[in-house]
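Here the structure is laid out as structure tokens; the discussion comes afterwards.
Residue numbering restarts at 1 for every chain, and letters A, B, ... go by the order of the sequence lines.
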There are 2 protein chains.
Amino acid sequence: MAKKKISIKDIAKALDISITTVSFILNGKAKEKRISSELIARVESYIQETGYRPSHLAQSLRLGKSKVIVFMVEDISNHFFASIARLIEEKAFENGYKIIYCSTENDPKKAKELIGTFKVRNVDGFVITPTPDLESTISELLEEDFAVLLFDRWMPEVDCSYVIVENEQSAFEATEHLVMQGCKHIGLIHVESDQMQMKLRLAGYRRAVMKYGLAEHVLHVPFHNYSENEELEKITGFLKANPELDAVFFSTNYLAFEGLRAIQQLGKRIPDDLAVVSFDDHYFFSLFQPNITGIEQPLHQIADRLMEGMLELLKENGNQKAVIREVLPTVLHPRGSSVKKGDK
Amino acid sequence: MAKKKISIKDIAKALDISITTVSFILNGKAKEKRISSELIARVESYIQETGYRPSHLAQSLRLGKSKVIVFMVEDISNHFFASIARLIEEKAFENGYKIIYCSTENDPKKAKELIGTFKVRNVDGFVITPTPDLESTISELLEEDFAVLLFDRWMPEVDCSYVIVENEQSAFEATEHLVMQGCKHIGLIHVESDQMQMKLRLAGYRRAVMKYGLAEHVLHVPFHNYSENEELEKITGFLKANPELDAVFFSTNYLAFEGLRAIQQLGKRIPDDLAVVSFDDHYFFSLFQPNITGIEQPLHQIADRLMEGMLELLKENGNQKAVIREVLPTVLHPRGSSVKKGDK
DNA sequence: TTGAAAGCGATACCAT
DNA sequence: ATGGTATCGCTTTCAA
């Protein structure tokens with residue numbers, strides 16, 4: 001049934017009425033306009049028959065709204081982002097929104113380009129994990145009345161809505177957990193990054209070691225550069241150079257994966273030689289032997305708040321700009337990797 | 001700089017020339033139309049100044065093409081699909097296409113609904129991992145001249161382009177690999193599914209055990225129903241009920257993860273008690289102890305062929321319908337989990 | 001109760 | 001070489 005596209009005009013012609021009337025009926029304004037129910041029925045049955053569906057494109061052009069939300073993250077193939085994507089998508093569709101995704105690779109240039117492209121596309125809203133140096137671009141977006149919602153990280157300088165987790169406190173608690181297990185030399189293997197959430201994780205670790213009078217041992221790994229080997233080497237070198245370490249805390253799970261590899265290669269036993277905790281819990285952590293202690297980010301909650309927030313922002317048609325600030329708690333899952341056997 | 005939207009009309013007015021002229025210049029038809037280079041320069045500099053960008057919405061409406069490709073997979077949060085998404089996205093953007101994603105959950109109803117929605121949205125192409133029972137919908141799409149490219153699985157009944165991997169042969173080789181390691185009782189833990197690729201994996205396994213005169217041991221696990229525990233129990237039961245097994249082949253990696261858990265809980269040693277091979281290689285397999293032998297699907301190749309193919313389909317404006325049929329080879333990575341120590 | 005017509009932003013045919 | 005204008009499909013104000 002290669003049916004040709006049928007437009008509102010066709011149906012008006014076929015039923016010998018005006019386009020306006022059809023439009024009213026389509027948009028549920030029939031009552032309001034007191035169109036005879038007989039006509040309404042005729043139009044509706046014709047629509048049924050022909051399977052007519054209005055062109056979203058034309059509607060968007062006319063109304064200036066496209067019902068499209070951009071989901072711009074660092075890397076859509078990353079488990080964390082992909083999971084959020086999945087959860088958000090569902091809610092979006094329920095509300096008539098489509099989602100376009102894109103990955104910034106944490107590159108400000110790429111991010112700006114993408115945002116520029118989408119502005120022209122008349123998208124309605126942006127869900128963004130901001131790259132560095134994006135403050136002015138975000139500000140512009142806000143001024144131009146787009147709905148913008150940051151997540152995973154945010155920018156203190158810009159008064160923009162966000163949904164994040166308690167990074168500082170979580171890192172503090174994870175470190176403290178290691179202290180409670182009797183660890184005295186706790187290393188942090190950390191992404192060198194300007195990203196706010198990373199700074200806060202570092203701060204949380206620092207607060208904890210300071211509180212318990214321990215020494216700081218931090219390895220700064222340059223930002224993910226797609227040469228995993230380099231990370232592996234860096235971590236290996238760090239562990240070798242600091243043989244006194246009895247615990248390591250990874251500030252993100254992809255570093256933990258490389259770290260586990262390094263630890264294996266060095267022949268160290270977990271947790272006896274080295275206790276391990278990682279930010280960002282992962283399915284894998286409970287499969288690895290021993291199970292790895294992880295800090296879980298509440299994916300469902302994040303996704304829920306993200307979409308609720310976005311819909312909220314979308315609703316208030318550029319009225320007053322309510323700013324959503326959501327900081328969600330994480331959950332520490334203590335597992336074998338951080339429980340010293342000698343613990344009584 | 002909350003600059004108000006500027007349209008082609010505005011710029012024509014500002015420069016006191018006609019819309020047509022501006023349009024020609026914008027579309028690089030200036031030469032063709034022999035517009036004075038002086039005027040061209042004036043227009044171009046004005047465009048620079050104002051940062052004008054044409055409305056894609058209007059262009060789409062006018063041209064009937066939206067430069068949007070739908071990427072419809074079973075579950076975007078799945079590592080395999082997310083990785084492909086990431087790779088495709090890049091190529092798409094380079095070519096001026098945006099990608100909208102959606103997950104079908106392998107539900108034909110949802111898939112049909114989504115396709116219906118996107119048809120109205122005037123998307124240009126569809127990249128789809130078809131759910132069962134989608135033949136007629138796909139056929140319609142084809143008749144209506146959409147660019148459609150299936151992947152991961154395909155439908156024998158429909159003459160539609162696809163990009164897949166050599167499922168049968170790969171499963172055969174993996175099974176044969178186990179035979180070569182001296183395994184005599186090779187089990188297959190398999191998703192019960194109508195999906196073509198799954199049927200082929202089963203067929204490959206069968207061909208191998210038959211060739212070597214071995215007995216078949218197949219566990220059919222019902223399709224992913226989000227209750228992982230059930231899968232774990234099923235696998236555990238199967239392993240208990242077939243104590244003679246000396247190897248298991250998982251037809252997909254999420255089953256392998258649950259399987260590894262089951263094996264751990266049963267206290268079986270890999271590979272001494274039980275050798276393990278899985279379809280779909282995973283980062284994790286080389287981290288697990290012992291390393292798990294996996295069949296790698298060539299992500300980059302798949303993504304490349306997918307986008308090349310899609311662009312090709314998009315190009316031929318409904319001329320003759322070239323059908324792309326791409327079957328890519330996989331790579332078996334033999335690792336510790338399938339190499340018997342007794343092997344001399 | 002229904003219809004005519006303007007307009008969203010851009011393209012391209014037909015004039016001049 | 002440039003410009004006028006119909007058109008894509010739809011919403012909505014104003015008139016009738």
Side-chain angles (χ1 to χ4, degrees), chain A residues 3-44 47 50-68 96 119-124 317, chain B residues 3-44 46-47 50-67 96 119-124 317:
Chain A
K3 48 183 101 153
K4 279 305 98 188
K5 304 239 172 192
I6 145 165
S7 82
I8 197 171
K9 199 185 286 180
D10 298 322
I11 123 159
K13 202 173 295 172
L15 265 47
D16 197 34
I17 54 179
S18 94
I19 287 180
T20 316
T21 312
V22 180
S23 175
F24 282 151
I25 294 175
L26 279 162
N27 294 301
K29 299 194 179 162
K31 290 253 161 73
E32 198 178 311
K33 300 290 176 180
R34 294 187 235 169
I35 291 174
S36 71
S37 49
E38 182 260 339
L39 220 191
I40 295 179
R42 254 175 69 215
V43 171
E44 276 175 350
I47 285 172
T50 53
Y52 164 80
R53 306 269 237 108
S55 156
H56 261 282
L57 231 40
Q59 286 183 157
S60 300
L61 181 58
R62 182 64 236 237
L63 300 176
K65 308 243 153 271
S66 61
K67 288 279 191 177
V68 169
K119 282 210 273 194
V120 195
R121 283 241 159 195
N122 283 60
V123 304
D124 295 343
N317 264 316
Chain B
K3 49 183 103 154
K4 279 305 97 188
K5 305 240 174 191
I6 144 164
S7 83
I8 198 172
K9 198 184 287 178
D10 298 322
I11 123 160
K13 201 173 297 171
L15 265 46
D16 198 33
I17 55 179
S18 93
I19 286 180
T20 315
T21 312
V22 180
S23 176
F24 281 149
I25 294 176
L26 280 163
N27 294 301
K29 297 192 181 160
K31 291 250 159 75
E32 196 179 312
K33 300 292 177 179
R34 295 185 233 171
I35 291 173
S36 71
S37 47
E38 181 260 340
L39 219 191
I40 295 179
R42 252 177 67 216
V43 171
E44 276 175 351
Y46 187 79
I47 285 171
T50 52
Y52 164 81
R53 306 268 237 108
S55 155
H56 261 282
L57 230 41
Q59 286 183 154
S60 299
L61 180 59
R62 182 65 235 240
L63 301 176
K65 308 244 154 272
S66 61
K67 289 282 194 173
K119 281 210 277 197
V120 197
R121 283 238 160 200
N122 283 60
V123 304
D124 296 342
N317 264 317

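- Although no hydrogens or angles enter the test, the distance criterion places a donor-acceptor pair under 3.5 Å between the side chain of B:Thr50 and the main chain of B:Tyr46.
- Rounded to a whole Å, the CD1 atom of B:Ile6 is 14 Å from the P atom of C:dC8.
- Of the candidates B:Ile19, B:Leu26, B:Ile25, B:Thr20, B:Leu26 is the only one forming a side chain to side chain contact (heavy atoms under 4.5 Å, CB included) with B:Val22.
- In this structure, CD1 of A:Ile19 is placed 13 Å from P of C:dA6, rounded to the nearest angstrom.
- Residue contacts shown for B:Leu39 are limited to sugar-phosphate atoms, with no base heavy atom under 4.0 Å away.
- Remark: A:Thr21 is not in phosphate contact with C:dT2, judged by side-chain N or O atoms under 4.0 Å from OP1 or OP2.
- A:Ser7 comes within contact range of the sugar-phosphate backbone alone, with a heavy-atom separation under 4.0 Å but no base atom that close.
- For the pair A:Leu26 CG and D:dG9 C1', the interatomic distance rounds to 12 Å; values are reported in whole Å.
- Heavy atoms of B:Ile17 sit under 4.0 angstrom from primed sugar atoms or phosphate atoms, though from no base atom.
- Where A:Ser23 and B:Leu63 each meet DNA chain D at their nearest nucleotide, the meeting point lying more 5' is that of B:Leu63.
- Residue side chain A:Arg62 does not reach the base of D:dG9 through any donor-acceptor N/O pair under 3.5 Å, judged by distance alone.
- For the pair A:Ile25 CD1 and D:dT11 C1', the computed distance is 15 Å after rounding to whole Å.
- Residue A:Phe24 contributes atom CZ, which lies 12 Å from atom C1' of C:dA4 at whole-angstrom precision.
- The base of D:dG4 has none of its N or O atoms less than 3.5 Å from a complementary donor or acceptor on the side chain of B:Ser18.
- Remark: P of D:dT12 and CD1 of A:Ile8 are 11 Å apart, rounded to the nearest angstrom.
- Taking every heavy atom of both residues into account, A:Tyr52 and A:Ile11 meet most closely at CD1-CG2, 4.5 Å.
- The shortest distance between the side-chain N/O atoms of A:Gln59 and the OP1/OP2 oxygens of D:dT11 is below 4.0 Å.
- Between A:Thr20 and B:Ala58, the one whose closest nucleotide on DNA chain D sits nearer the 5' end is B:Ala58.
- Using a 4.0 Å heavy-atom criterion, one finds that B:Ser55 contacts the sugar-phosphate atoms exclusively.
- With contacts defined as side-chain heavy-atom distances shorter than 4.5 Å, the pair A:Val68/A:Arg121 does not qualify.
- Residue B:Leu57 contributes atom CG, which lies 13 Å from atom P of D:dC10 at whole-angstrom precision.
- Within the structure, a side-chain polar atom (N or O) of A:Lys9 is placed less than 4.0 Å from OP1 or OP2 of D:dC8.
- Atom CG of B:Leu61 and atom C1' of D:dT7 are 9 Å apart (whole Å).
- Under the 4.5 Å side-chain criterion, counting only non-hydrogen atoms from C-beta, A:Ile35 is not in contact with A:Val43.
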